[in-house]
Q: 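Okay, here's the structure, questions in a sec.
Just the heavy atoms: all of them, side chains too, but no hydrogens, waters or symmetry mates, feed the values below.
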Amino acid sequence: MKRVVFLVTIIIATTFSGAFSMEKGVSNPALPLPDEVDGWKASQKDGIYGQENLYDYINGGAELYLSYGFNKVTNRIYLRPEQPDIVVDLFDMGTSQNAYGVFSHSMETLDNSYGQGSQYSEGLLLFWKDRYYVSIMSYPETAESKKALLALGRKIETAIRGDGPLPDILTLLPQAFLIQESVRYFRHYAWLNSHYFIADSNILNINESTEAVLAKYRDGEKTFLLLLVNYENAQAAQSAHGNFVKQYLPELTQKKVVRIEDGTWTSCQLKGNLVVIVLNAPEEGKALHLMKEVNTKRLQQQGK
């Protein structure tokens, strides 16, 4: 699975660094991007792309960034004779929460070597810090390009001053038995379906005014999921809760927890502005316990 994810990431990053017909802007010295690193020198112009032309730049993958409040991306290519190019894509996501969300979408391991969270595979460094999501790629990798790539990541990380806050909804996740690298934060229902299919339609009414987080928990060799969706008001949460129960598992109208055909347990509860869903729990008690833990954290957050 990791190899497949890595190959997909390489394909996406390669798409970023391809030839573009869009007009490029002059390098901006205010950006946290150096002009040179270990003999690799920046090309004369940066590619700068916003919401209006991101589809032309990424060619099919723009939805991910746009769904997280994308502002702009700056592309800079570093060149050195007889060495592979180093390609940097610096995404300004508007807020640190959005930058974290994009990073979390494909997170496989917990690593804080760069920024506020990073991931390195051969020839590719990804990290986020404050409102920025950063992709640095050099492929095929050489010993020299790897050293320069990592040094470039450190320079960019240092130039981005200060950390940004994480999404508040993450504080509602119980920490016991949580698989930390499984946490996914999003505002579009398509990303829920990419990690756990719920329905073809948006039955939870997830949109830009909601926050959602999906996380896996481990029980021995078994895993189960917790989905939290926070709505702008209690009425919106109530509507989404009713819609989910009606279309996904009507038996939940009569019971707090329902055992489904595969023998696992599902629960869905409404807590103020929050819809709490447990999926594939191995036991009824574990689903109820997770629900209770979330509610305790919610009340603590509200100061009750």
Q: Under the side chain to side chain contact (heavy atoms under 4.5 Å, CB included) criterion, do Lys129 and Val134 qualify, and how do the steps go?
A: CA-CA 8 Å; Lys129 187 178 182 183; Val134 183; over 6 Å; no
Q: Just by distance, do the side chain of Ser96 and the backbone of Pro165 share a donor-acceptor pair under 3.5 Å?
A: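 Indeed, once roles are kept as given, a pair shorter than 3.5 Å links the two residues.
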Q: Is there a donor-acceptor pair under 3.5 Å between the side chain of Asn243 and the backbone N or O of Ile203?
A: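 Yes, because the side chain of Asn243 sits within donor-acceptor range (under 3.5 Å) of the backbone of Ile203.
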Q: Would you indicate whether Gln238, at its atom CD, is surrounded by more than 12 heavy atoms from other residues, nucleotides or ligands within a distance under 6.0 Å?
A: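 No, the 6.0 Å shell around CD holds no more than 12 heavy atoms from other groups.
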Q: So how far is it from Asn273 CG to Thr210 OG1, rounded to the nearest 0.5 Å?
A: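 That separation rounds to 11.5 Å.
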Q: Return yes if a side-chain donor-acceptor contact under 3.5 Å exists between Arg187 and Tyr185, otherwise no.
A: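 Yes.
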Q: Output yes when a side-chain donor or acceptor of Ser145 lies under 3.5 Å from a complementary backbone atom of Glu141, and no otherwise.
A: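 Flag not set: sc Ser145 to bb Glu141 has no pair under 3.5 Å.
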Q: Quick one: closest heavy-atom pair of Asn112 and Gly117, and the distance?
A: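 Scanning both residues, the minimum pair turns out to be OD1-CA, 3.8 Å.
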Q: Donor-acceptor check, side chain of Thr223 to backbone of Tyr217, threshold 3.5 angstrom: yes or no?
A: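 No; judged by distance alone, with no hydrogens or angles, the pair does not exist.
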Q: When clusters are formed by joining ILVMFWY residues with side-chain heavy atoms under 4.5 Å apart, either directly or through shared neighbours, do Ile260 and Leu204 land in the same one?
A: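 They do share one cluster, since a chain of ILVMFWY contacts under 4.5 Å joins Ile260 to Leu204.
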Q: Are Leu279 and Leu252 connected in the hydrophobic side-chain network, where two residues link if heavy atoms are under 4.5 Å apart?
A: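 Yes, it is one cluster - the side chains of Leu279 and Leu252 are joined through contacts under 4.5 Å.
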Q: Atom CD of Gln269 and atom CG of Leu288: how far apart are they, to the nearest 0.5 Å?
A: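 Atom-to-atom, Gln269:CD and Leu288:CG are 7.0 Å apart.
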Q: Can you tell me if Asn71 uses its side chain to pair, donor with acceptor, with the backbone of Met93 under 3.5 Å?
A: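 Judged by distance alone, no pair lies under 3.5 Å.
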Q: CD of Gln175: more than 12 outside heavy atoms within 6.0 angstrom?
A: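 Yes, because the 6.0 Å sphere around CD of Gln175 holds more than 12 heavy atoms from other groups.
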Q: Evaluate Tyr139 against Leu124 for side chain to side chain contact (heavy atoms under 4.5 Å, CB included), listing each step before the verdict.
A: CA-CA 8 Å; Tyr139 196 81; Leu124 179 66; over 6 Å; no
Q: How about Glu52: does its CD atom have over 12 heavy atoms from other parts shown lying under 6.0 Å from it?
A: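 Counting neighbours around CD of Glu52, more than 12 heavy atoms of other residues, nucleotides or ligands fall under 6.0 Å, so yes.
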Q: Same cluster for Phe186 and Ile179 if Ile/Leu/Val/Met/Phe/Trp/Tyr side chains link at under 4.5 Å?
A: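 They do not share one cluster, since no chain of ILVMFWY contacts under 4.5 Å joins Phe186 to Ile179.
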Q: For the residue pair Arg184 and Ser194, establish whether any side-chain heavy-atom pair is separated by less than 4.5 Å.
A: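 No, too far: nothing below the 4.5 Å cut-off.
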Q: For Arg218, does the CZ atom have more than 12 heavy-atom neighbours from other residues, nucleotides or ligands under 6.0 Å away?
A: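 Open.
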Q: Any side-chain heavy atom of Pro174 sitting closer than 4.5 Å to one from Val294?
A: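 Pro174 vs Val294: side chains touch.
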Q: Group every Ile, Leu, Val, Met, Phe, Trp and Tyr by side-chain heavy-atom contacts under 4.5 Å, then state whether Val245 and Val257 land in the same group.
A: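 In one cluster with Val245: Val257, no.
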Q: Apply the test salt bridge (Lys or Arg N to Asp or Glu O under 4.0 Å) to residues Asp35 and Arg76: give CA-CA distance (whole Å), side-chain angles for both, the deciding distance (0.1 Å), then the verdict.
A: CA-CA 9 Å; Asp35 292 329; Arg76 181 173 292 185; 3.7 Å; yes
Q: Within the distance-only criterion (no hydrogens, no angle test), does the side chain of Asn233 pair as donor or acceptor with the backbone N or O of Gln235 below 3.5 angstrom?
A: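 Yes.
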Q: Roughly how far, to the nearest 0.5 Å, is the CG atom of Asp46 from the CG atom of Asn75?
A: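 Those atoms lie 7.5 Å apart.
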Q: Please report the C-alpha distance between Cys268 and Val275 in whole Å, then the side-chain angles of each, then the deciding distance to 0.1 Å, and finally whether the side chain to side chain contact (heavy atoms under 4.5 Å, CB included) criterion is met.
A: CA-CA 7 Å; Cys268 178; Val275 172; 4.0 Å; yes
Q: Determine the minimum heavy-atom distance between Ser104 and Val183, stating which atoms define it.
A: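 Where Ser104 meets Val183 most closely, the heavy atoms are CB-O, 3.6 Å.
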Q: Count the heavy atoms belonging to other residues, nucleotides or ligands that lie under 6.0 Å from NE2 of His289, then report whether that count exceeds 12.
A: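 Count not over threshold, so no.
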Q: Picking from Tyr65, Phe91, Tyr57, what satisfies ring-ring contact (aromatic ring centres under 6.0 Å, His included) with Tyr49?
A: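 Considering Tyr65, Phe91, Tyr57, a ring-ring contact (aromatic ring centres under 6.0 Å, His included) with Tyr49 is found only for Tyr57.
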Q: Would a 4.5 Å heavy-atom cut-off, applied to side chains only, mark Ile86 and Ile136 as touching?
A: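 Side chain of Ile86 against side chain of Ile136, heavy atoms only: contact under 4.5 Å found.
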Q: Does Ala236 offer a backbone N or O that forms a donor-acceptor pair with the side chain of Ser239 under 3.5 Å?
A: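 Checking the backbone N and O of Ala236 against the side chain of Ser239, no donor-acceptor pair under 3.5 Å is found.
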Q: Test Glu181 against Thr109 for side chain to side chain contact (heavy atoms under 4.5 Å, CB included), laying out the working first.
A: CA-CA 5 Å; Glu181 60 270 24; Thr109 58; 5.6 Å; no
Q: Measuring only between side-chain heavy atoms, which start at C-beta, is Glu284 closer than 4.5 Å to Arg259?
A: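 They are not in contact (no side-chain heavy atoms under 4.5 Å apart), so the answer is no.
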Q: Verify, without hydrogens or angle tests, whether Trp128 (side chain) and Gly101 (backbone) share a donor-acceptor contact under 3.5 angstrom.
A: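 A pair under 3.5 Å: no.
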Q: Would you name the heavy atoms of Gly153 and Leu125 that are closest together and state the gap between them?
A: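 Looking at all heavy atoms of both residues, the closest pair is CA-CD2, 4.0 Å.
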Q: Evaluate the ring planes of Phe244 and Tyr248, with Trp represented by its six-membered ring, and classify them as parallel (under 30°), tilted (30 to 60°) or perpendicular (over 60°).
A: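 Taking Tyr248 first and then Phe244, their aromatic rings lie parallel (interplane angle under 30°).
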Q: Could you pull out the closest heavy-atom pair between Ala281 and Ala287, with the gap in Å?
A: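 Result for this residue pair: CB-CB, 3.8 Å.
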Q: Among Tyr189, Trp191, Tyr196, find the residue that satisfies the side-chain contact (heavy atoms from CB on, under 4.5 Å) test when tested with Asn193.
A: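 Among Tyr189, Trp191, Tyr196, the one that satisfies the side-chain contact (heavy atoms from CB on, under 4.5 Å) with Asn193 is Tyr189.
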Q: Between Asn205 and Tyr231, does any side-chain donor sit less than 3.5 Å from a side-chain acceptor?
A: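 Not at all, the side chains of Asn205 and Tyr231 share no donor-acceptor pair under 3.5 Å.
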Q: Measuring only between side-chain heavy atoms, which start at C-beta, is Leu228 closer than 4.5 Å to Leu226?
A: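 Answer yes - side chains close enough.
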Q: Looking at every heavy atom in both Glu283 and Trp265, which two are closest together, and how far apart are they?
A: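 Shortest heavy-atom contact: C-CD1, 3.4 Å.
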Q: If hydrophobic clusters are built by linking Ile, Leu, Val, Met, Phe, Trp and Tyr wherever their side-chain heavy atoms come under 4.5 Å apart, do Val213 and Leu270 end up in the same one?
A: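 Linked within one cluster.
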Q: Taking the side chain from Asp111 and the backbone from Ser113, do they hold a donor-acceptor pair closer than 3.5 Å?
A: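 Between the backbone of Ser113 and the side chain of Asp111 there is a qualifying donor-acceptor contact (under 3.5 Å).
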Q: Run the salt bridge (Lys or Arg N to Asp or Glu O under 4.0 Å) test on Glu157 and Arg154 for me, step by step, so that the C-alpha distance in whole Å, both residues' side-chain angles and the decisive distance to 0.1 Å come before the verdict.
A: CA-CA 5 Å; Glu157 171 204 38; Arg154 190 67 68 201; 2.9 Å; yes
Q: Under the side chain to side chain donor-acceptor pair (under 3.5 Å) test against Asn295, which residue among Glu293, Lys292, Arg298, Lys297 passes?
A: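 Result for side chain to side chain donor-acceptor pair (under 3.5 Å) with Asn295: Arg298.
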Q: If you round to the nearest 0.5 Å, how far is CD1 of Ile277 from CG of Leu192?
A: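 Answer for the CG-CD1 pair, Leu192 versus Ile277, is 8.0 Å.
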Q: In the structure I gave you, are the side-chain heavy atoms of Leu290 and Lys286 within less than 4.5 Å of one another anywhere?
A: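 No, too far: nothing below the 4.5 Å cut-off.
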Q: Going from CD on Gln97 to CD1 on Ile169, what distance comes out if it is rounded to the nearest 0.5 angstrom?
A: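 Rounded to the nearest 0.5 Å, the CD-CD1 separation comes out at 12.0 Å.
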Q: Given side chains that start at C-beta, do those of Leu64 and Phe70 come closer than 4.5 Å, heavy atoms only?
A: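 Counting from C-beta outward, Leu64 and Phe70 never come under 4.5 Å.
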Q: Within the 4.5 Å heavy-atom criterion, are Gln116 and Tyr100 side-chain neighbours or not?
A: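 A side-chain contact is absent here, since even the closest heavy-atom pair is not under 4.5 Å.
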Q: To check you understand the geometry: which heavy-atom pair defines the closest contact between Asn280 and Thr266, and what is its length?
A: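 In terms of heavy atoms, the two residues are closest at N-OG1, 4.3 Å.
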Q: Nearest 0.5 angstrom please: Met137 CE to Leu126 CG, how far?
A: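 So the gap between those two atoms works out to 10.5 Å.
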Q: Scan Asn98, Asp92, Thr95 and name whichever one has a side chain to side chain donor-acceptor pair (under 3.5 Å) with Arg131.
A: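 Filter result, single survivor: Asp92.
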